[in-house]
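Model, not experiment: these values are computed from the prediction. Read the numbers this way: they start at 1 and go in the same order the structure lists the ligands and their atoms.
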Amino acid sequence: MTDCLFCKIIAGDIPSNKVYEDDLVFAFRDINPQAPTHILVVPKEHIASAADITKNNSAVIAHIFEVIPQIAKSEGLKNGFRVITNSGPDACQSVHHIHFHILGGEQMSDKMA
Ligand code: AMP
Ligand code: ZN
C-alpha cells in the first residue's frame, strides 16, 4: 500500500528504530512509548486490522506470535509483557496496518480498558 505509514516504514522510506526483521515480519520501537519497552510488530504484508485476518493470511499472524517471545527475551522482559492489537474505531486504531504492541518493563494495571 503506497499510502500506509507502516508500509513506508517497512520499505525504509520513513525511518524507524528497528528491533527485528525477517522475510515476513518487521518490528520497531513505538515513537510514543507507553511503557519502558514499547515495540510494534507488523507483518510486511499489508493487512488492515485484526478484523481482516482470514485463513489466507493467518500464517503470518502465527509467525508474529513466534517472533514476539524472541523479542521479549532479547528486550529482557523476564517478568512478563502485554501484547495488544487495536482494531477499528472503538479500539482507537490509528494506523490501519495491523500491528501488535509489546508493552513491558514495569508493573502494568490489572485493567485493560
Ligand atoms: P494504534 O493506536 O493501536 O493504531 O497504534 C499506533 C501506534 O503507532 C501508536 O502507538 C503510535 O505511537 C505509533 N506510531 C505512529 N507513528 C509512528 C512512527 N512513525 N514510528 C513509530 N511508531 C509510530
Ligand atoms: Zn501497510
- prompt: How far apart are the C-alpha atoms of Ile9 and Val42, what are their side-chain angles, what is the distance that settles it, and do they pass the side chain to side chain contact (heavy atoms under 4.5 Å, CB included) test?
  reply: CA-CA 10 Å; Ile9 285 177; Val42 306; over 6 Å; no
task: Determine, step by step, whether His101 and His99 satisfy the ring pair (Phe, Tyr, Trp, His ring centres under 6.0 Å) criterion, reporting the C-alpha distance in whole Å, the side-chain angles of both residues, the deciding distance to 0.1 Å, and the verdict.
output: CA-CA 6 Å; His101 299 256; His99 48 282; 5.1 Å; yes
Provide the number and element of each atom of ligand 1 under 4.0 Å from a heavy atom of [X].
| X | result |
| --- | --- |
| Leu40 | 8 (O), 13 (C), 22 (N) |
| Arg29 | 21 (C) |
| Phe6 | 8 (O) |
| Phe28 | 21 (C), 22 (N) |
| Cys92 | 2 (O) |
| Asn32 | 12 (O) |

Report yes or no: do [X] and [Y] belong to one cluster of Ile/Leu/Val/Met/Phe/Trp/Tyr joined by side chain heavy-atom distances under 4.5 Å?
| X | Y | answer |
| --- | --- | --- |
| Ile39 | Ile61 | yes |
| Val60 | Val67 | yes |
| Ile10 | Ile71 | no |
| Phe6 | Ile68 | no |

Look only at the side chain of [X] and the backbone of [Y], and say whether a donor-acceptor pair between them is shorter than 3.5 Å.
| X | Y | result |
| --- | --- | --- |
| Lys44 | Asp22 | yes |
| Gln93 | Val95 | yes |
| Asn57 | Asp52 | yes |

[X] touching ligand 1 at heavy-atom level, < 4.0 angstrom:
| X | result |
| --- | --- |
| His99 | yes |
| Ser16 | no |
| Gln34 | no |
| Ile9 | yes |

Have a look at ligand 1 and work out which part of [X], if any, has a heavy atom under 4.0 Å from it: side chain, backbone, both or neither.
| X | answer |
| --- | --- |
| Ala91 | neither |
| His101 | side chain |
| Phe100 | neither |

Any N or O of [X] closer than 3.5 Å to N or O of ligand 1:
| X | result |
| --- | --- |
| Gln93 | no |
| Leu5 | no |
| Ser94 | yes |
| Ile14 | no |

query: From the Zn ion (ligand 2) out to just under 2.8 Å, does an N/O/S atom of His97 turn up?
result: yes
Enclosure of Gln107 CD (heavy-atom neighbours >12, cutoff 6.0 Å): no
message: Among all protein heavy atoms in this structure, tell me which lies nearest to atom 10 (O) of ligand 1, with the distance rounded to 0.1 Å.
response: Asp30 OD2, 2.5 Å
- prompt: Does the side chain of Ser16 come within less than 4.5 Å of Phe26's, by heavy atoms?
  reply: yes
- line: Sorted by chain and residue number, the salt bridge (Lys or Arg N to Asp or Glu O under 4.0 Å) partners of Arg82 (sequence neighbours excluded) come out as none
- request: Indicate the ring-plane relationship of Phe65 and Phe100, choosing parallel, tilted or perpendicular according to the 30° and 60° boundaries.
  value: perpendicular
- prompt: Hey, which N, O or S atom on His46 ends up closest to the Zn ion (ligand 2)?
  reply: ND1
- request: Check each of Leu103, Asn17, Ile31 against atom 18 (C) of ligand 1 and report the one with the nearest heavy atom.
  value: Ile31
